[in-house]
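FYI, side chains are in, hydrogens and waters are out, and symmetry mates aren't considered; it's all heavy atoms of this structure.
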Amino acid sequence: MVEIPDVQQAWVVIRRGRPSHALELKSDWPVPKKLEKGEVLVKVQAAALNPIGWKLMRVLPNFLAKRPHVAEHDFSGVIVDSNGTEFSNGDPIYGWIPSDLQQKTRQGSIQQYLRVPVDYIVPRPPNVTPIQAAGITLATTAAHQALVAVAKVEAEQTVFINGGSTSVGAYGIQIAKAKGAKVVATASGKNEAFVKSMGADEFIDYTQEPGLVKRLTEHPPSTKYNIIYDAAGLIDPALYSHSAKYLAPNGIFISTGPIPHTLSFSEVWKGIRTMFAISMPAWLGNVNRRYALPMVSNNKEHLIEIQKLFAEGKLKPIVDSVYKFEDTLQAYDRILTTRATGKVVVKVDPTVE
């Protein structure tokens, strides 16, 4: 029987602000040994950072975020108390703690032990390492729900993915290709090889003049796109508001969410413009193309379907960089550059390779 301590180390979000200001490393954070029915206790091996983590950290006040709570969402680990569930002690798993569950339980992934309902975890395939598995769930769930559940991507369709080098974008490319679609993806020129390695059929360097929207408007594809997936979560509405030129009339524009990086006037104003553009009636100039902003939610069937794709080798995990647990703030510095290609991972258990 593995001895489970009463207290642990955890990176805890204490206040609103940049990660360097908002986070504190606690050495006396309680281990959540008391489990409810359907929950398990996990010894965390690795955790991954997500843009939504630092964005909400910087934007939401404490009373809305229900701080303090442990940071982040994605993790991999080993079951140490199966609590009468279908899992057994010692089972390797991966999963996530979405924002709504985090606010309810104050749990997060950058801690040594966490409790989580079994509906939020799946067995880790043997061909995926704990480091790789740590960053799978949120990004793949977002891409899968957008492209499969909402857009219902089909073989022979053409999918345009903006932000192909982001984690969500890279997984979106792989998922669309697994469904038999053609994929056109954007990123900066230095990430062209990475984006093509994910399976993109065509690549567009969004940094090149005259700019992405102008290029698509002036030189639209011969066959308009069936799906546009903005995995970069642009705060500027231009890609959508001009999309009649390059998105098929029965197509759909999906965004990961125009969440402002800060509460500055310019960022908030762009967000307001985006919401106005998507809600404007056709007689006022709406582009007359469907717009969807799906909120990522937990679905065990989706988790299992995604897990099978990894087990079969149809999806491959993507890791940008790995940091020691004590270097978590440096990991946030990396993701804050918005230049990471793949997941930024924190190794919680130093013995994990």
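Rounded to the nearest 0.5 Å, atoms OG1 (Thr105) and CD (Glu39) are 7.5 Å apart. With rounding to the nearest 0.5 angstrom, the CE atom of Met198 is 13.0 Å from the CZ atom of Phe203. Interatomic distance, Ile335 CD1 to Leu49 CG, rounded to the nearest 0.5 Å: 5.0 Å. Atom OG of Ser82 is separated from atom CG of Asn89 by 4.0 Å, given to the nearest 0.5 angstrom. Interatomic distance, Leu114 CG to Glu72 CD, rounded to the nearest 0.5 Å: 13.0 Å. If you take NZ on Lys177 and CG on Leu315, they are separated by 13.5 Å, rounding to the nearest 0.5 Å.
Among all heavy-atom pairs drawn from Leu23 and Ala71, the shortest one is CD2-CB, 3.7 Å. For Ser20 against Leu329, the heavy-atom pair with the smallest separation is CA-CD2, 4.0 Å. Contact record, Gly342 with Phe194: N-CZ, 4.3 Å, taken as the closest heavy-atom pair. Between Pro19 and Met57, the shortest heavy-atom contact is CA-SD, 3.6 Å. Of all the heavy atoms in Tyr94 and Pro125, the pair that sits closest is CE2-CD, 3.9 Å. Contact record, Ser99 with Leu56: OG-CD1, 4.0 Å, taken as the closest heavy-atom pair.
A donor-acceptor distance shorter than 3.5 angstrom exists from the side chain of Gln145 to the backbone of Ser297, with no hydrogens or angles considered. A donor-acceptor contact shorter than 3.5 Å links the side chain of His73 to the backbone of Ile97. Between the side chain of Gln307 and the backbone N or O of Pro123 there is at least one donor-acceptor pair closer than 3.5 Å. The main-chain N or O of Ala238 is found under 3.5 Å from a side-chain atom of Asp236 such that the two form a donor-acceptor pair. Using modelled atom types, no side-chain atom of Lys343 and backbone atom of Ile131 make a donor-acceptor pair closer than 3.5 Å. Between the side chain of Thr186 and the main chain of Gly163, a donor-acceptor pair closer than 3.5 Å is present. With Lys224 contributing its side chain and Pro221 its backbone, the two residues share no donor-acceptor pair below 3.5 Å. The closest donor-acceptor contact from the side chain of Arg289 to the backbone of Ala248 lies under 3.5 Å. Here the side chain of Asn299 pairs a donor or acceptor atom with the backbone of His302 at under 3.5 angstrom. Judged purely by atom type and a 3.5 angstrom limit, Lys314 has no side-chain atom pairing as donor or acceptor with the backbone of Lys308.
Asp91 pairs in a side chain to side chain contact (heavy atoms under 4.5 Å, CB included) with only one of the listed residues (Ile79, Val80, Val42), which is Ile79. Remark: of the listed residues Lys26, Gln111, Lys43, Gln111 is the sole one forming a side chain to side chain donor-acceptor pair (under 3.5 Å) with Gln8.
Through direct or relayed side-chain contacts under 4.5 Å between Ile, Leu, Val, Met, Phe, Trp and Tyr, Val12 connects to Ile14, Trp29, Val70. The hydrophobic cluster of Val78 has no other members, since no ILVMFWY side-chain heavy atom comes under 4.5 Å of it.
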Working note: Leu101 + Trp96, criterion side chain to side chain contact (heavy atoms under 4.5 Å, CB included); need CA distance, chi angles, decisive distance, verdict. CA-CA 10 Å; Leu101 182 62; Trp96 71 323; over 6 Å; no
Take Tyr171 and Ile306, measure what side chain to side chain contact (heavy atoms under 4.5 Å, CB included) needs, and give me the verdict at the end. CA-CA 11 Å; Tyr171 281 130; Ile306 293 166; over 6 Å; no
Test side chain to side chain contact (heavy atoms under 4.5 Å, CB included) on Tyr225 and Ile161; report intermediate values, then the result. CA-CA 10 Å; Tyr225 306 127; Ile161 296 181; over 6 Å; no
Any chance you could lay out the side chain to side chain contact (heavy atoms under 4.5 Å, CB included) test for Asn162 and Ile204, step after step, and finish with the verdict? CA-CA 9 Å; Asn162 184 51; Ile204 297 176; over 6 Å; no
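Here the side chains of Asn298 and Leu303 are in contact, with some heavy-atom distance below 4.5 Å. Looking at heavy atoms from C-beta onward, Gln103 lies out of side-chain contact with His69 at the 4.5 angstrom threshold. Residues Phe160 and Leu216 form a side-chain contact, since some pair of their non-hydrogen atoms from C-beta on lies under 4.5 Å apart. By the 4.5 Å heavy-atom criterion applied to side chains, Leu60 and Arg67 are counted as neighbours. With contacts defined as side-chain heavy-atom distances shorter than 4.5 Å, the pair Tyr229/Ile173 does not qualify.
Scored by the side-chain hydrogen bond (donor to acceptor under 3.5 Å, both in side chains) test, Thr351 finds Asp349 as partners (sequence neighbours excluded). With sequence neighbours excluded, the residues that form a side chain to side chain contact (heavy atoms under 4.5 Å, CB included) with Lys245 are Thr217. Remark: Phe253 engages Tyr240, Tyr291 in a ring-ring contact (aromatic ring centres under 6.0 Å, His included) (not counting sequence neighbours).
The pair Glu192-Lys196 meets the salt-bridge criterion, with a side-chain N (NZ, NE, NH1 or NH2) lying under 4.0 Å from an Asp/Glu carboxylate O. Here Arg15 pairs with Glu24 in a salt bridge; the nearest charged N to carboxylate O distance falls below 4.0 Å.
One side chain, Asp74 or Asn50, offers a donor N or O that lies under 3.5 Å from an acceptor on the other.
Under the 4.5 Å side-chain heavy-atom criterion for Ile, Leu, Val, Met, Phe, Trp and Tyr, Ile93 and Val348 are members of the same hydrophobic cluster. At a threshold of 4.5 Å between side-chain heavy atoms, the hydrophobic network of Ile, Leu, Val, Met, Phe, Trp and Tyr places Ile110 and Val345 in two separate groups. Cluster membership check: Val7 does not share its hydrophobic cluster with Ile4, using side-chain heavy-atom separations under 4.5 Å among Ile, Leu, Val, Met, Phe, Trp and Tyr. Note: the hydrophobic cluster containing Ile254 also contains Val148 (ILVMFWY, side chain heavy atoms under 4.5 Å, direct or indirect links).
Counted within 6.0 Å of CD on Glu353, heavy atoms from surrounding residues, nucleotides or ligands total 12 or fewer; the atom is thus considered open. Surrounding NZ of Lys179 are at most 12 heavy atoms belonging to other residues, nucleotides or ligands under 6.0 Å away. For Glu218, the CD atom sits in a packed shell: over 12 heavy atoms of surrounding residues, nucleotides or ligands are nearer than 6.0 Å. More than 12 heavy atoms of other shown residues, nucleotides or ligands fall within 6.0 angstrom of atom NZ in Lys190.
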Could you go through residues 317-326 and list every donor-acceptor pair under 3.5 Å that involves a side-chain atom there, pairing it with any protein atom two or more places apart or in another chain?
unit_1: Asp320; atom_1: OD1; unit_2: Arg334; atom_2: NH2; d: 2.9
unit_1: Asp320; atom_1: OD1; unit_2: Thr341; atom_2: N; d: 3.0
unit_1: Asp320; atom_1: OD2; unit_2: Arg334; atom_2: NE; d: 2.9

